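Okay, structure first, notes after.
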Amino acid sequence: MSTTIDYGKIKQFAARYPKPNGVSFSYGTAGFRTKAELLDSVIFRVGILGALRSKKLDSKTIGVMITASHNPEEDNGVKLVDPYGEMLEQKWEIYATQLANAHNADVLVNVIKDIVTVNDIDPTKESTVVYARDTRPSGVRLVEALEHGLKAVNANLVNFGIKTTPQLHYVTRCYNTLGTEASYGEPTEEGYYKKLAIAYRKIVEGLPRLPKIKVDAANGVGAPKLRELAKFIDEDILDVEVINDDIDTRGKLNFQCGADFVKTQQRVPLGLVLPAEQRAASLDGDADRIVYYYNDSDGTFKLLDGDKIASLAAGFIMELIKASGLEEINVGVVQTAYANGSSTNYLTKVLGVPVSCVSTGVKHLHHEAEKYDVGVYFEANGHGTVLFSPSSQARIRKAEGKTPENISALEKLRALIDLINQTVGDALSDLLLVEAILTYRRWTPKQWDQAYTDLPNRLVKVVVSNRHIFKTTDAERKLLEPKGLQEKIDLLVQQYKDGRSFVRPSGTEDVVRVYAEAATRHGCDELAFKVAGLVYDEAGGIGGRPTEFL
Ligand code: G16
């Protein structure tokens, strides 16, 4: 088969995927995301871009994931994954947006030609794309659109089937490192489970098993995949029960369940009975986020979100590094504006670890975390992981340790390097990470929670006629536009003790997000809804004014 680009063939295929009129697409926080019925042409074009990226990167395998993660079932989305499992290089996001918005086949071909010329791409190079989808019904049709895009440019297709998003990131890195010193693992689903299971055993072996954990899988792909993973881990070291596992009934995905629901509603998901002081966790629709929680003895719901996971992981890793004798390895934590003020305080003042704040979106956190020897990054919503730099990995693997304490800590650090999916935040890998730390520390969720007390916080969505008029600065903590709105928010914030609030346009939903925190629950809720009302009144709110609280 010819590997070169045949523009006539692209035009023929493209005729089947006309761009819908009156819609403008943009490659956002996690790729393209909108109503599934609008996405066929976008995904066809993403196929073409994936192949171009592969050609540009000397025929490395590029990943494509079809998912809308935490969004409702009628939505879908797509994102490209670079060779080592990272998010697509930002410069190429612009090409994705240009391709998606080309209004006919001629314009599309011209955009492709420009990308080829500007990037000096050799059109005759081979290209390979590995792709997967979550359990959304629209995924079947959209995979076909992707395959047509790939065939239009004579790419090699590797269909990885139904997978979690992090599994697709994992396999992409495995393909590109196979047979090299940096080999990331076997490029199969089974290889993924084995790698995690072996590493988990190394950390918890010989320690008393924790009581059963119930995991809400959001009625998404995490349900069958967590069950598969559990098959590779003996019951004597992990007791897990999967709930909200119905991936066949329409409308159930993420409905009143899943990590996003639990985080934003601050209550247990539908279908979960949770006795006091027992821990449970929720995944999101594509299993790249996880949050933990429990009910206190008086019935109060307690959330252990991404900030709590980051604190738990950073504290554990810092302790191991000290015990290993490799104290020169530095650890840093990366958060976003959504991080609870108490968590940042705890990390900097109690753990004494440097903390950076970046814009929402894994791509931003991941790059910042790469600046440390060990970079722990988590968004409050439960999306995160830990990166061990190549040099810190080499030092940990090479060190022999002088004392039994050194040796034991080094063994655990080596196991952590394998346990943690370093390509992207991964709910299944993060679940095992938290379970391993809690087992090691013999902690109940309440003991874990005692590190610090969250300031009451609230997240509200406001629907506006055009969210793109919102422009932010200072890692999204301040609004530049609409002009004058930030000053009005500041005036409201000043009225609340420990008050903080910011407004930013979502990159995955057609809404503006309002975050607020304050010293009291009442103050925080009032502040959140006052700011939301302000946004609604001053920046083109549509539908109902957010008034749940006032
Ligand atoms: C995606 C991104 C996350 C982000 C979330 C919400 O998560 O990967 O980094 O925090 O969207 O983003 P926004 O507030 O811009 O809508 P997921 O789990 O939906 O892929």
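Below, each value reflects all heavy atoms present in this structure, side chains not excepted, and no hydrogens, waters or symmetry copies. When a residue number appears, it is its place in the shown sequence, counting from 1. Bear in mind the structure is a predicted one, so any value in this text is a computation, not a measurement. Ligands are counted one by one from 1 in listed order, and the atoms in each one are counted from 1 as well.
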Original post:
Using the ring of each side chain (for Trp, its six-membered ring), is Phe301 parallel, tilted or perpendicular to Tyr293, with breaks at 30° and 60°?
Top reply: tilted
Original post:
If you measure every N/O of Tyr338 against every N/O of ligand 1, is any gap under 3.5 Å?
Top reply: no
Original post:
Asp286 to ligand 1: N or O pair under 3.5 Å?
Top reply: no
Original post:
Is Arg289 paired with Glu379 through a side-chain N to carboxylate O contact shorter than 4.0 Å?
Top reply: no
Subject >> Those atoms of ligand 1 less than 4.0 Å from some heavy atom in Ser506 >> reply: 13 (P), 15 (O), 16 (O)
Subject >> Phe502/Tyr338 aromatic ring centres below 6.0 Å >> reply: yes
Original post:
Is Gly507 close to ligand 1, meaning an N/O of one under 3.5 Å from an N/O of the other?
Top reply: yes
Subject >> Lys163 to Tyr131, cation-pi by 6.0 Å centre distance and 45° axis angle >> reply: no
Subject >> Qualifying residue for salt bridge (Lys or Arg N to Asp or Glu O under 4.0 Å) with Asp40, from Lys19, Lys35, Arg45, Arg141 >> reply: Arg141
Original post:
At a 4.0 Å cut-off, with the gap strictly under it, does some heavy atom of Arg33 reach an atom of ligand 1?
Top reply: yes
**OP:** Looking only at distances, please establish whether an N/O atom of ligand 1 is found under 3.5 Å from an N/O atom of Asn381.
**Re:** yes
Original post:
Does Asn71, backbone or side chain, put an N or O under 3.5 Å from an N or O of ligand 1?
Top reply: no
**OP:** Taking only heavy atoms of Ser69 into account, list the atoms of ligand 1 that are under 4.0 Å away from them.
**Re:** 17 (P), 18 (O), 19 (O), 20 (O)
**OP:** Using heavy-atom distances, let me know which of His383, Lys79, Glu379 sits nearest atom 4 (C) of ligand 1.
**Re:** Glu379
Original post:
ligand 1 versus Thr67, non-hydrogen atoms closer than 4.0 Å: side chain, backbone, both, neither?
Top reply: neither
**OP:** Consider every N or O of Val362 and every N or O of ligand 1, then say whether any pair is closer than 3.5 Å.
**Re:** yes
**OP:** Mark up the atoms of ligand 1 that fall under 4.0 Å of a heavy atom belonging to Arg289, in ascending order.
**Re:** 5 (C), 7 (O), 17 (P), 18 (O), 19 (O)
**OP:** Could you tell me whether Thr360 and ligand 1 have an N or O pair separated by under 3.5 Å?
**Re:** no
